[in-house]
Trainee: 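For reference, the structure I am asking about is given below.
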4 protein chains.
Amino acid sequence: MRGVNKVILIGNLGRDPDVQFLEGNIAVAKFSLATTETFKDRAGKLISQTEWHTVVLWRGLAELAQKYLHKGSLVYIEGRLRTRSWEDKEGNKKFATEVVGDNLVMLDKRMDVNNGDHPVPHHSTGQSSSSSSAPHHGEGYAGMDIPPMSEPADDLPF
Amino acid sequence: MRGVNKVILIGNLGRDPDVQFLEGNIAVAKFSLATTETFKDRAGKLISQTEWHTVVLWRGLAELAQKYLHKGSLVYIEGRLRTRSWEDKEGNKKFATEVVGDNLVMLDKRMDVNNGDHPVPHHSTGQSSSSSSAPHHGEGYAGMDIPPMSEPADDLPF
Amino acid sequence: MRGVNKVILIGNLGRDPDVQFLEGNIAVAKFSLATTETFKDRAGKLISQTEWHTVVLWRGLAELAQKYLHKGSLVYIEGRLRTRSWEDKEGNKKFATEVVGDNLVMLDKRMDVNNGDHPVPHHSTGQSSSSSSAPHHGEGYAGMDIPPMSEPADDLPF
Amino acid sequence: MRGVNKVILIGNLGRDPDVQFLEGNIAVAKFSLATTETFKDRAGKLISQTEWHTVVLWRGLAELAQKYLHKGSLVYIEGRLRTRSWEDKEGNKKFATEVVGDNLVMLDKRMDVNNGDHPVPHHSTGQSSSSSSAPHHGEGYAGMDIPPMSEPADDLPF
DNA sequence: TTTT
DNA sequence: TTTT
């Protein structure tokens, strides 16, 4: 059947992303992401709990990560769980669960490009005339905007 | 900036979907969806709370809705909020908030096609040889499957 | 900082849940959950991809799982990722990533109790007088229901 | 039946929150939140789309909003949809759909307290010794941490 | 009405 | 207006 496998994370990168280019010039980025949640235990004591996740991004998102993300970056990641298994050279079965990202939102006030010299504001899409301010007249489908066929541009830094 | 606007619903259709075809043969489906949540109030009393949502689907998802959904169907909808405003003939400002669906999962045991003659089990993909059982050798990117470039097929009933 | 670590799954149990009771009579349930997603690759070919997740439930949710879930049950799970690590007897470092469930919705048409003799409809909360039908008068906070202080009852089978 | 009604937003406040105290000293906060998403249309043109949402917070979260949120604040909100209806003085039926927040994460680099004099870094939980770094020995339930019974502290600024 |  |  059709199921659902969805992960939503907000956290900070533990290191700069590791980016590689595979056959066909396909980019893959990999990094550790720390999500810290705060709980109150029964005694009312605050407990902070950090979980580390391995995030994998492909193609455009990987290139975005290479350009704009670095150690400490705060990001929103939406993706899905994927567990790989293999045997190491001693024949031990190994498992690794990763979050394959389908969407990335950079949450830092300003994103620095790789060399750190040219701060790039992450809000660069704003200048387009937002369709949200367009008036909608009438009920039913009359005044309904037909949304573009494409999906949200998850892989564009601007 | 890039933001996030995401809705996740599981509920039942209050009526059969209303499906229309706009210019260019673009399908739009619209229906009410009831989500019922159960709370315990302070006194430990169970409270059932039903919320009604207007769901709008476009193109392939709308055609899916037309073919497989009807009054009472249980569905998972993932989408985004969209508020439209207009003035009615008396000049009153009106607002309507809708959930525009980007993903649809049918959760009924069996989906009936429109005429009800040919029950279609919704579990029809389950027996296929899952790629998840394929062995993955090695760590890093060596044994990593390159995912297909396309997105999950959200608009297919099988 | 405060982060987000959220997982949403819809899938089928691969086996009956394994339920244990720890010190203090705290229940823990563990089971494998298969989520199957359908992709279309570049060539338009449908690809079905099954992922297996380890789900862990605690206390009331674990008891719910014991009573109502079994091999094949279709469930919605909302939770968070948690990776544990340990060394096996040979001193090999091992990792296991699990989904710790905070919310569970049973999606089967009818849930059977453990011995299978007494089918229990999972829709048993509906008949209560729903607050959603209560009229709301006025704008602002005047007609606003003050929600009960408690959270949604995630651990109740009825 | 048990359903799901979940909203996840990341966006900026359009104005300072409006906070009121109802009978019993229960706090309610209300504000507009703008979520901006970027799409690529068929022609590859970037389209920025801003949606405005009405967010309502209760009790501890409302007090948090009063203390730390203001016009422009970037926040993550997790909640549920709620549509209220009423008749205005002219007898027109009115509807308003709101997002009732169950969780709030402040994403600004630094949150200012109300008077703006004492910037409060929002990363204040990070330095605590994370339980995630505690070693876990053994498989099964042996080395498994029993999570505290309480829920994540959604209403705490530190 | 926000943000860049 | 749904579902149990």
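Chain letters run A, B, ... following the sequence lines, proteins first, then strands; residues in each count from 1.
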Trainee: Quick one: B/K30 NZ to F/dT2 P, roughly how many Å, whole number?
Mentor: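 Rounded to the whole Å, the gap is 19 Å.
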
Trainee: Please report the distance, rounded to the nearest Å, between OH in D/Y76 and C1' in E/dT3.
Mentor: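 Atom OH in D/Y76 sits about 20 Å away from atom C1' in E/dT3.
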
Trainee: If you check the D/N12 side chain, which of F/dT1, E/dT2, F/dT2 turns out closest?
Mentor: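 Output: E/dT2.
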
Trainee: Rounded to whole angstroms, how far apart are CZ on D/F31 and P on E/dT1?
Mentor: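 About 18 Å, once rounded to whole Å.
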
Trainee: Quick check for you: among F/dT2, F/dT1, E/dT2, whose closest atom lies nearest to any side-chain atom of D/T36?
Mentor: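 The closest nucleotide is E/dT2.
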
Trainee: Please check if the side chain of B/D102 supplies one atom and the backbone of B/E78 the other of a donor-acceptor pair under 3.5 Å.
Mentor: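 No, B/D102 side chain to B/E78 backbone: no donor-acceptor pair under 3.5 Å.
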
Trainee: Quickly, which of B/L61, B/V99, B/I10, B/V7 forms a side-chain contact (heavy atoms from CB on, under 4.5 Å) with B/I77? Name it, please.
Mentor: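 Result: among B/L61, B/V99, B/I10, B/V7, B/V99 is the only option passing the side-chain contact (heavy atoms from CB on, under 4.5 Å) with B/I77.
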
Trainee: Roughly, in whole Å, what's the span from CG in A/L107 to P in E/dT2?
Mentor: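 Spelled out: CG on A/L107 to P on E/dT2 is 20 Å.
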
Trainee: Would you say whether B/W52 stacks on F/dT2? The test is a distance between ring centres of less than 5.5 Å and an angle between planes of less than 30°.
Mentor: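 A stacking contact does not exist, since B/W52 is not both close and nearly parallel to the base ring of F/dT2.
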
Trainee: Once you round it to whole Å, what is the distance between P of E/dT2 and NE2 of D/H53?
Mentor: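 After rounding, the gap between these two atoms is 16 Å.
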
Trainee: So, applying side-chain hydrogen bond (donor to acceptor under 3.5 Å, both in side chains) with D/T50, which one of D/N12, D/T36, D/T35 is it?
Mentor: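 Going through D/N12, D/T36, D/T35 one by one, the side-chain hydrogen bond (donor to acceptor under 3.5 Å, both in side chains) with D/T50 is satisfied by D/T36 alone.
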
Trainee: Rounded to whole angstrom units, what separation is found between the CG atom of D/D18 and the P atom of E/dT1?
Mentor: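 Computing the D/D18:CG to E/dT1:P distance gives 17 Å.
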
Trainee: Could you tell me the separation between the CG atom of A/D108 and the C1' atom of E/dT3, rounded to a whole number of Å?
Mentor: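 The distance from CG of A/D108 to C1' of E/dT3 comes to 15 Å, rounded to the nearest Å.
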
Trainee: Using whole Å, what does the distance between atom P of nucleotide E/dT1 and atom CG of D/D16 come to?
Mentor: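 In whole Å, E/dT1 P and D/D16 CG are 15 Å from each other.
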
Trainee: Could you work out, with side chain to side chain contact (heavy atoms under 4.5 Å, CB included) as the rule, every residue matching D/K94, not counting sequence neighbours?
Mentor: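 Testing D/K94 for side chain to side chain contact (heavy atoms under 4.5 Å, CB included), a comparison that skips the adjacent residues, returns D/W86, D/D88.
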
